Number of protein chains: 2
Amino acid sequence: MTPNKEDFIKAIHELGGQDTVVTNKELVRSLSISAASVTEMNNRLLKEELITHLPYQGVQLTEKGLLIANQLIRKHRIWEVFLAEKLGYDWNEVHADADLLEHASSDFLIERLNIFLGEPTFDPHGGVIPNKDGTIPEIHSTPLIECQTGDRFKIKEVDDQEDFLEYLLYKKVKLGKEYTISDIEPYDGPFTLEALNGERTLIGHKAAFKILVELLN
Amino acid sequence: MTPNKEDFIKAIHELGGQDTVVTNKELVRSLSISAASVTEMNNRLLKEELITHLPYQGVQLTEKGLLIANQLIRKHRIWEVFLAEKLGYDWNEVHADADLLEHASSDFLIERLNIFLGEPTFDPHGGVIPNKDGTIPEIHSTPLIECQTGDRFKIKEVDDQEDFLEYLLYKKVKLGKEYTISDIEPYDGPFTLEALNGERTLIGHKAAFKILVELLN
DNA sequence: AACTTTTTTTAGTCTACCCTAAAAATATTT
DNA sequence: AAATATTTTTAGGGTAGACTAAAAAAAGTT
C-alpha cells in the first residue's frame, strides 16, 4: 500500500464506491490527474482485488477495498480530532494535515492516539470514526448537524467539554428532551429548536456537531 | 524535497557530515541500499548544492544541507517528545514512528505541536531540539546522561513533572547543588553521585535524562 | 613495482507514478 | 441510422528511486 493507492481508494469511497460505480471522469476531477493515470491505477488496484471494474463504466470497491478505505478514514478522522482538540486547529485547517499524517501512521500509533483522545466517536465535522477492524460503529444517534428542518428528535449524547456543558445548561438542553427543528439558517447559521411545550431554543452551528440525537420517525 | 532525500541528508548528518567527509560505504551500511543507489543520490543532492563531493572520498553537507538536516531533526525530536510524553511510548519505540511522521509534517503542524508540548528543549533521549530556523540552541547545561564517571557538575535544570520532582525531593537533589559522578553502572544502570559533603545518591538511568547539569571543568 | 582487494562509479533494468497524443468505444444529437 | 461529441483506453515517454553486474579507481600487500 502506497500513499497514492491509499488516496485513490479513499477517492473512490468518497464518490460512493461502496454501492455505486464510480466513473473515471469523476476520479479525474477528484484527484486532478489525467484520465490515463486513472486507467493505470485502476489496473493496479484491480490486480490486488481492491476494486471491480466494468470497462467504460467505472469501478467499485470490493469488500477488501472497503475495509482499507474505512481504516484510512479512521486514521484520518482520529488525526483530525487531535489537530482540532489538542493543537487548536480550526475545522478548515484540519483536513490537509490529517491527509498527510494518515499515510504515515502505524496501527500502533493510531491506537495509542485514539486512547489519548478518549476514544472519540466523531471527528470535528461530526463524521463517524470507523472501528479498528474497518467496520462502522452502529450509531443510533445522529449528529444534530445532519438533521433537516422538520425533524423530530430526542437528545441522546452531548460532547462533554466543560464550557459546552455550561452552554447547554444555559440553553436548557437535557438528555432525553424532545424537540422539533423549526428552522436551520443557511451559511452555517443557527438551528431553531422547538420543545414539546412550545419553548424555542437557538443552537449555534458549531454546537450542532456536539449534540447527538435520536430521530423519532 | 522527497522523504528519500530527507532520509539521505539525515544519514549524512548522523555520520558526521557537518564537519567530516562521509564515505559511500558508510551510507550503504547506514541506509541499507546499494552502492550504486548511493552514488545516484549523491549526484541528485550535489545538483541541489546540499552536499559537496570529493570523488572516491565521500560527501559533506553544505550550509544549506546542514540547515535542512537540523530542521528534520527538529521535527523528528518534537514528534519523539509527543510519542513518549503524550502517548506513553517507551524510548525504544519512539524512533520508528517519529521517522515516518517527520516526513508528513507541515511547518504549521510542528509549531503547533511544539507549543502543545510546552516548547521542550530536549527529546526523550536527551538530544537537543534545534530551533525553527535550523540553528542549534546554545545549551550551557548538559543532560546528566551524557556525563562521564569522574565529572564534577552543578544541577542546572530538571524536568518539571510532578512525580519526578517528588522523586528528586526524596533524593535531596536541588538546583545549584554540586556533585561528582563516582560510578555509572553499565546496561542502563544507575549513576552514583557524590555530593561535596560526601553524601552518596543513586540516580536511575531514566532520571539521568531529566536532569541538566553544568560541568565544572 | 606488481598483484590483489576494496570501494566507487557506470551501464543497463525495473517499478510506481505521472504525462500527452492518438485510437477505440460509448453516448448523444440530428 | 449516421454523424458528432464524450469518455476511456492504449501507446509511448518522463522522473525518482532502487537494483545487479561489470568497469574503473584507490588502497593495501607482497
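Model, not experiment: these values are computed from the prediction. Convention: sequence-line order gives letters A, B, ...; per-chain numbering from 1.
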Problem set entry | Sub-4.5 Å side-chain heavy-atom contact between Leu45(A) and Ile9(A) |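 The answer is yes; the side chains approach within 4.5 Å.
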For this session: Start with the C-alpha gap between Thr142(A) and Glu214(A), add the side-chain angles, then the distance that decides, and say whether side-chain contact (heavy atoms from CB on, under 4.5 Å) holds.
Result: CA-CA 6 Å; Thr142(A) 314; Glu214(A) 183 188 340; over 6 Å; no
Exercise. Which of the following nucleotides, dT7(D), dC18(C), dT9(C), is nearest to the side chain of Lys25(A)?
Worked result: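 Taking heavy atoms from C-beta onward, the closest nucleotide is dT7(D).
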Exercise. Side chain of Thr39(A): nearest nucleotide among dT8(D), dA18(D), dA11(C)?
Worked result: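 Of dT8(D), dA18(D), dA11(C), dT8(D) is nearest to the side chain of Thr39(A).
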Do [Y] and [X] meet the salt-bridge criterion of a basic N to acidic O distance under 4.0 Å?
| X | Y | result |
| --- | --- | --- |
| Lys5(A) | Glu48(A) | yes |
| Lys75(B) | Glu80(B) | no |
| Lys10(B) | Glu102(B) | yes |

Exercise. Hey, do the aromatic rings of His125(A) and His95(A) have their centres closer than 6.0 Å?
Worked result: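 No - the distance between ring centres of His125(A) and His95(A) does not fall below the 6.0 Å cut-off.
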[X] has an atom [atom1]; how far is it from atom [atom2] of [N], in whole Å?
| X | N | atom1 | atom2 | value |
| --- | --- | --- | --- | --- |
| Leu27(B) | dG17(D) | CG | P | 15 Å |
| Asn24(B) | dA25(D) | CG | P | 16 Å |
| Arg29(B) | dT6(C) | CZ | P | 16 Å |
| Glu26(B) | dT6(C) | CD | P | 17 Å |
| Ile33(A) | dT8(D) | CD1 | P | 13 Å |

For this session: Measure the spacing between CG of Asp163(B) and CG of Asp159(B) and express it to the nearest 0.5 Å.
Result: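 Going from the CG atom of Asp163(B) to the CG atom of Asp159(B) covers 9.0 Å.
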Exercise. So, is the end of the Arg152(A) side chain (NZ or CZ) under 6.0 Å from the ring centre of Tyr179(A) and within 45° of the ring's axis?
Worked result: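 Because its charged atom misses either the 6.0 Å distance or the 45° angle limit, Arg152(A) does not stack over Tyr179(A).
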Does [N] have OP1 or OP2 under 4.0 Å away from a side-chain N or O of [X]?
| X | N | result |
| --- | --- | --- |
| Asn4(A) | dC18(C) | yes |
| Thr2(B) | dA16(D) | no |
| Ser34(A) | dC19(C) | yes |

Exercise. Which ones in residues 40-57 of chain B lie close to DNA chain C, meaning a heavy atom under 4.0 Å from one of its atoms?
Worked result: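 Per residue number, the list reads His53(B), Pro55(B), Tyr56(B).
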For this session: Identify, residue by residue, the members of residues 7-23 of chain A with a heavy atom below 4.0 Å from DNA chain C, and return them in order of residue number, or none.
Result: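 Heavy-atom cutoff 4.0 Å gives no residues at all.
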Problem set entry | Pro130(B) and its side chain to side chain contact (heavy atoms under 4.5 Å, CB included) partner, picked from Leu72(B), Ile73(B), Leu67(B) |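 Exactly one pass, corresponding to Ile73(B).
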